[in-house]
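Written below as structure tokens is the structure these notes are about.
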Amino acid sequence: MDRVTRSDVLRLHQKIREDRPVSANRLLQMIGSMWSYAAECEVIKEGVNPARGITRNREQKSERYLTGEELRRLGAALREAETVGIPWEPDPRRKVKHAPKPENRRVTFGPHAVGALRGRAYGRF
């Protein structure tokens, strides 16, 4: 990490931004995060971050709304979540000693959580 310079990162950012300006910005964020974490873990000294001060590309903010079909599917999933529950499976990569039987593997959502999701999805707040 101590051999990566600000000019290295700047050169990489400029190369990527020609075709993918948003990806170039995400690269700067990732590098900055890596160096901040390394400083937290005392792998490098505090304040050394080759991504700091590099100007990011302008991004246009976009807002997407759910389609009618997506809203119907979300509503059905929320109804299932608050009534009978949503089925789940244990992580196959991990050893699970005391998992419930498959017919008992359901999680239900409380009315406040479902209400919050509904309100957000339907633009109430």
Side-chain angles (χ1 to χ4, degrees):
M1 292 183 90
D2 59 339
R3 288 186 275 176
V4 177
T5 66
R6 185 175 183 277
S7 62
D8 293 332
V9 175
L10 182 60
R11 208 171 22 256
L12 181 58
H13 181 255
Q14 289 173 339
K15 181 179 179 181
I16 293 173
R17 82 177 189 192
E18 293 171 9
D19 296 323
R20 300 181 312 259
V22 175
S23 295
N25 288 347
R26 298 301 168 271
L27 173 75
L28 288 180
Q29 289 174 330
M30 182 189 66
I31 291 171
S33 294
M34 289 169 44
W35 260 257
S36 293
Y37 182 70
E40 251 180 61
C41 297
E42 299 179 354
V43 173
I44 60 172
K45 64 182 176 181
E46 190 74 35
V48 177
N49 191 332
R52 183 173 291 138
I54 296 177
T55 305
R56 287 167 171 58
N57 303 310
R58 292 190 79 120
E59 294 183 31
Q60 283 188 312
K61 293 187 179 198
S62 63
E63 202 168 321
R64 181 183 176 280
Y65 297 94
L66 297 178
T67 65
E69 175 57 27
E70 290 170 330
L71 282 171
R72 281 189 286 285
R73 288 184 8 229
L74 176 60
L78 290 174
R79 273 189 299 285
E80 181 182 1
E82 70 182 330
T83 55
V84 296
I86 304 237
W88 63 274
E89 289 295 322
D91 187 346
R93 298 168 295 175
R94 302 181 90 184
K95 185 176 180 179
V96 179
K97 255 186 169 177
H98 304 288
K101 294 179 182 177
E103 60 270 13
N104 296 328
R105 292 183 193 156
R106 297 188 85 74
V107 63
T108 56
F109 290 21
H112 299 295
V114 172
L117 290 169
R118 277 196 181 108
R120 184 71 180 134
Y122 294 98
R124 293 192 186 115
F125 51 88

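Count residues from 1 along the sequence.
Counting only heavy atoms from C-beta outward, the side chains of Pro102 and Arg105 approach each other to under 4.5 Å. Ile44 has its side chain out of reach of Asp2: every pair of non-hydrogen atoms, C-beta onward, lies at least 4.5 Å apart. A heavy-atom distance below 4.5 Å is not found between the side chains of Asp8 and Pro50. Ile54 is listed as a side-chain neighbour of Val9, based on a closest heavy-atom distance under 4.5 Å. Between Tyr37 and Val43 there is no side-chain heavy-atom pair separated by less than 4.5 Å.
Between Arg73 and Glu70 there is no salt bridge, since none of the side-chain N atoms of the basic residue sits less than 4.0 Å from a carboxylate O of the acidic one.
When all heavy atoms of Val48 and Trp35 are compared, the pair lying nearest together is O-CD1, 3.1 Å. Of all heavy-atom pairs between Gly32 and Ala51, the closest is N-CB, 3.9 Å. The heavy-atom pair separating Asn57 from Ala24 by the smallest distance is ND2-CB, 3.8 Å. Contact record, Asn49 with Ser36: ND2-OG, 3.9 Å, taken as the closest heavy-atom pair.
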_From CA spacing to verdict: side chain to side chain contact (heavy atoms under 4.5 Å, CB included), Thr108, Glu82_ = CA-CA 5 Å; Thr108 56; Glu82 70 182 330; over 6 Å; no
*I would like to know whether His13 and Asn25 meet side chain to side chain contact (heavy atoms under 4.5 Å, CB included); could you show each step before the answer?*
CA-CA 8 Å; His13 181 255; Asn25 288 347; 3.5 Å; yes
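Checked against side-chain hydrogen bond (donor to acceptor under 3.5 Å, both in side chains), Arg56 has no partners two or more places apart in sequence or in another chain. Scanning for salt bridge (charged side-chain N to carboxylate O under 4.0 Å, His left out) contacts around Arg106 gives Glu80, with sequence neighbours left out.
A 6.0 Å sphere centred on CD of Glu103 holds more than 12 heavy atoms belonging to other residues, nucleotides or ligands.
By the criterion of side-chain heavy atoms lying less than 4.5 angstrom apart, applied directly or through intervening Ile, Leu, Val, Met, Phe, Trp or Tyr residues, Met1 is grouped together with Leu10 in one hydrophobic cluster. Criterion: ILVMFWY side-chain heavy atoms under 4.5 Å apart, direct or through other members. Under it, Leu117 and Val107 are part of a common hydrophobic cluster.
Atom CG of Leu74 and atom CD of Glu69 lie 11.5 Å apart (nearest 0.5 Å). The distance from atom CZ of Arg20 to atom CG of Leu27, rounded to the nearest 0.5 Å, is 10.0 Å. In this structure, Leu28 CG and Arg17 CZ are separated by 9.5 Å, a value rounded to the nearest 0.5 Å.
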